[in-house]
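All values derive from a computational prediction rather than experimental measurement. Keep in mind that the numbers below use all heavy atoms, side chains included, and drop hydrogens, waters and symmetry copies.
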Amino acid sequence: MPAQLTLKDVTKSYAGRPVLDGISLTVRPGEHVAVVGDNGSGKSTLLRLIAGQEPPDDGTVTVSVPAGALGGGVGHLGQTPVPPGTRTVREVVDDALAGLRAMERRLRELESDLSEERMAEYGDLLTAYEARGGYVADSRTDRALQALGLGATDRGRQLASLSGGERARLGLACLLASAPQLMLLDEPANHLDGNALSWLEDQLRAHRGTVVTVSHDRMFLDRVAGTIVEVENGRVTRYGGGYRSYLKEQAAVRQRHEQAYEDWCRAVREAERAIATTARRVAPGRGMKDGNKMAYARDAGRVQSSVASRVRQAQERLRRLHREAVPRPPELLSFNGEFETSGTRGEDGTDDTGGTGADKADGGGDAIRASLHDVRVGDRLHVPELRIAHGQRLLVHGPNGAGKSTLLHLLAGELRPDSGTLRLSGRAGLLAQELHEASDGRGRSLLAAFAAGRAGSADEHRERLLSLGLFREETLEVPVGRLSVGQRQRLALARLLTAGTELLLLDEPTNHLSPTLVEELERALDSYRGALVVVSHDRTLARRFRGARVRMHGGELESGTDTQVSGADTQVQVLEERGEQA
């Protein structure tokens with residue numbers, strides 16, 4: 001079967017920084033391909049090159065799709081939503097269906113005079129029109145808008161009046177309605193709830209054309225893609241068999257790396273031992289046989305020459321091993337498990353800030369890490385009662401704007417309630433969904449930002465950071481201000497992994513991370529011994545999560561906790577017992 005999409009020796013750089021370095025890739029007609037990789041690895045660049053929106057610096061990109069109305073061409077949905085402006089929803093929909101409507105007009109023209117020479121054109125056009133579902137395009141558009149939460153949206157509304165999420169969903173609905181032969185989707189799962197995601201997965205699986213999609217959503221990858229293409233370090237690697245097969249192959253690659261490293265270490269030890277012991281195998285104090293000095297000297301010379309030769313061989317082997325050194329595999333992610341209560345206890349059983357210490361236990365146990373009573377933060381959050389004990393695991397879910405992130409910032413001590421009582425104990429670490437770096441810290445290097453406020457030498461911090469496998473060594477001196485969003489999130493994650501937190505707060509932790517790294521993060525969370533509160537829309541994480549669950553809506557906890565208001569205390573009381581924030 002001929003290829004529908006071919007990239008050969010493609011290179012692309014921005015400002016002298018190579019993003020794609022001599023990549024080659026082939027996609028067959030009807031294939032469903034998912035592109036994975038870390039944020040900033042070049043996935044979106046790859047889609048723009050395929051769509052013809054950008055030219056490669058070197059190499060060729062060949063797309064074998066009939067252009068124009070006949071073949072449906074290429075449809076590309078970028079991460080950036082449909083731009084706001086004076087255009088209306090109706091005009092955007094009409095633009096998306098323009099090709100199909102042009103085909104329909106041509107069919108009507110041909111039907112008016114079906115001469116023999118026009119029959120071939122009519123037959124080809126009718127086949128293409130039916131293949132793209134032209135007869136049901138309008139109803140398909142209505143269903144797409146309804147499924148994506150835009151069914152009640154006035155078609156006369158200007159785009160400027162829509163939110164970014166609404167414009168992104170409008171763009172997705174229009175692309176699906178136009179049914180292009182080659183569909184390119186960049187993070188289509190963003191801005192979608194569970195029902196909309198399930199609907200989208202069904203649509204893509206049923207699409208008879210070719211699909212190339214970028215996504216971090218693991219359930220989406222598992223349900224939609226038959227082929228995985230990983231973009232890493234400027235190269236692409238193709239994995240057949242779908243997402244689960246990709247994970248197995250990744251695990252096998254790591255196992256082979258670990259085995260190769262063990263074999264290399266063993267060979268180095270053997271060469272060093274050979275160098276150290278070979279010369280000592282000859283007893284230097286051995287006496288002369290029959291008092292024959294000449295024979296003794298001659299034999300000793302031969303022995304020493306043989307020993308020196310073997311030592312030289314071992315030294316050369318050791319030099320070769322070091323020239324071809326196998327790098328140490330990155331450590332599996334794990335959180336520092338050394339938990340210590342940061343507050344101190346007075347003789348009367350109260351902590352330093354005047355709160356009672358009755359809810360605490362040194363070093364963990366049944367210690368209460370957070371206690372909230374009738375806490376309010378404006379109209380964003382109201383928590384009648386919530387207690388989080390050491391070792392407790394809580395998954396918080398709900399629609400956007402429900403107050404989930406506000407709750408985490410409150411538990412982290414970064415936000416004070418307007419009323420109610422908040423007690424916090426122990427050392428907290430927050431991985432925020434929106435990361436903000438102070439302006440005076442944007443110029444310092446990634447390594448300096450990782451080491452900030454921590455004891456130890458630069459070499460010790462470098463070794464610890466590299467051992468996590470989150471960054472390559474050449475990235476450590478890049479200023480924080482030049483890091484991508486994904487790199488900054490991995491930096492925040494690296495600090496959390498090495499901080500020794502007792503209350504871990506994660507706000508959409510799977511965003512911007514590659515699927516394999518997310519899998520590893522989940523394993524690290526499984527072994528975490530402190531209190532854990534996670535906010536996430538990730539369906540795979542939610543399905544695997546072991547712990548309590550609570551849903552938030554309109555700033556209220558809907559289930560899993562006591563939501564009855566027990567009083568109207570308007571006095572703010574914040575009793576903090578924690579040390580330095582992670």
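- At a threshold of 4.0 Å, the pair Arg472-Glu232 does not count as salt-bridged, since none of the basic side-chain nitrogens sits closer than that to a carboxylate oxygen.
- Between Arg495 atom CZ and Leu491 atom CG the span is 7.5 Å, to the nearest 0.5 Å.
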May I have the step-by-step check of side-chain contact (heavy atoms from CB on, under 4.5 Å) for Ile23 and Leu46, ending in yes or no?
-> CA-CA 10 Å; Ile23 67 168; Leu46 178 61; 3.8 Å; yes
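- No more than 12 heavy-atom neighbours from other residues, nucleotides or ligands sit within 6.0 angstrom of CZ on Arg244.
- In this structure the side chain of Leu506 reaches within 4.5 angstrom of the side chain of Leu532, judged on heavy atoms.
- Looking at Gln146 and Asp142, their side chains never bring a donor and an acceptor atom within 3.5 Å of each other.
- With sequence neighbours excluded, the residues that form a side-chain contact (heavy atoms from CB on, under 4.5 Å) with Glu520 are Leu332, Leu333, Arg523.
- Within 6.0 Å of CZ on Arg482 lie no more than 12 heavy atoms contributed by other residues, nucleotides or ligands.
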side-chain contact (heavy atoms from CB on, under 4.5 Å) between Leu541 and Glu522: does it pass, once the steps are laid out?
-> CA-CA 8 Å; Leu541 185 151; Glu522 283 187 354; 3.3 Å; yes
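- With a 4.5 Å cut-off on side-chain heavy atoms, Val89 and Leu162 count as touching.
- Under the 4.5 Å side-chain criterion, counting only non-hydrogen atoms from C-beta, Met552 is in contact with Leu381.
- Residues Thr475 and Gln487 bring no donor and acceptor atom of their side chains to less than 3.5 Å of each other.
- A cation-pi arrangement, defined by a distance under 6.0 Å to the six-membered ring centre and an angle within 45 degrees of its axis, is absent between Arg218 and Tyr243.
- Atom CG of Leu431 sits about 10.0 Å away from atom CG of Leu505, to the nearest 0.5 Å.
- Summarising the local packing, CZ of Arg235 is surrounded by more than 12 heavy atoms from other residues, nucleotides or ligands at distances under 6.0 Å.
- Applying the 6.0 Å contact sphere to CG of Asp379 captures no more than 12 heavy atoms from other residues, nucleotides or ligands.
- More than 12 heavy atoms of other residues, nucleotides or ligands lie within 6.0 Å of CZ in Arg205, so this atom counts as buried by the packing criterion.
- Here the shortest heavy-atom pairing between Leu185 and Leu47 reads O-CD2, 3.5 Å.
- Counting only distance, with no hydrogens or angles, the side chain of Thr11 and the backbone of Asp57 share no donor-acceptor pair below 3.5 Å.
- Tyr239 pairs by the ring pair (Phe, Tyr, Trp, His ring centres under 6.0 Å) definition with Tyr246, not counting sequence neighbours.
- For Arg238 against Arg28, the heavy-atom pair with the smallest separation is NH2-NH1, 3.6 Å.
- Between the CD atom of Gln259 and the CZ atom of Arg254 there is a distance of 13.5 Å, given to the nearest 0.5 Å.
- Closest approach of Val61 to Leu49, counting heavy atoms only: CG1-O, 3.8 Å.
- With a 6.0 Å radius and a threshold of 12 heavy atoms from other residues, nucleotides or ligands, Gln255 has its CD atom at or below the threshold.
- Looking at Arg48 and Thr45, their side chains do bring a donor and an acceptor atom within 3.5 Å of each other.
- Within the 4.5 Å cutoff, no side-chain heavy atoms of Leu493 are placed close to those of Leu468.
- The number of heavy-atom neighbours closer than 6.0 Å to CZ of Arg546, taken from other residues, nucleotides and ligands shown, is 12 or below.
- In this structure the side chain of Glu508 never reaches within 4.5 angstrom of the side chain of Gln489, judged on heavy atoms.
- Glu166 has its side chain within reach of Leu150: a pair of non-hydrogen atoms, C-beta onward, lies under 4.5 Å apart.
- Using a 4.5 Å cut-off on side-chain heavy atoms (C-beta onward), Leu497 and Leu470 make contact.
- Looking only at side-chain heavy atoms (C-beta outward), Leu197 and Asp217 come within less than 4.5 Å of each other.
- Atom CD of Gln203 is separated from atom CG of Leu172 by 10.0 Å, given to the nearest 0.5 angstrom.
- Listed here is the closest heavy atom pair of Leu114 and Met119: CD2-SD, 3.9 Å.
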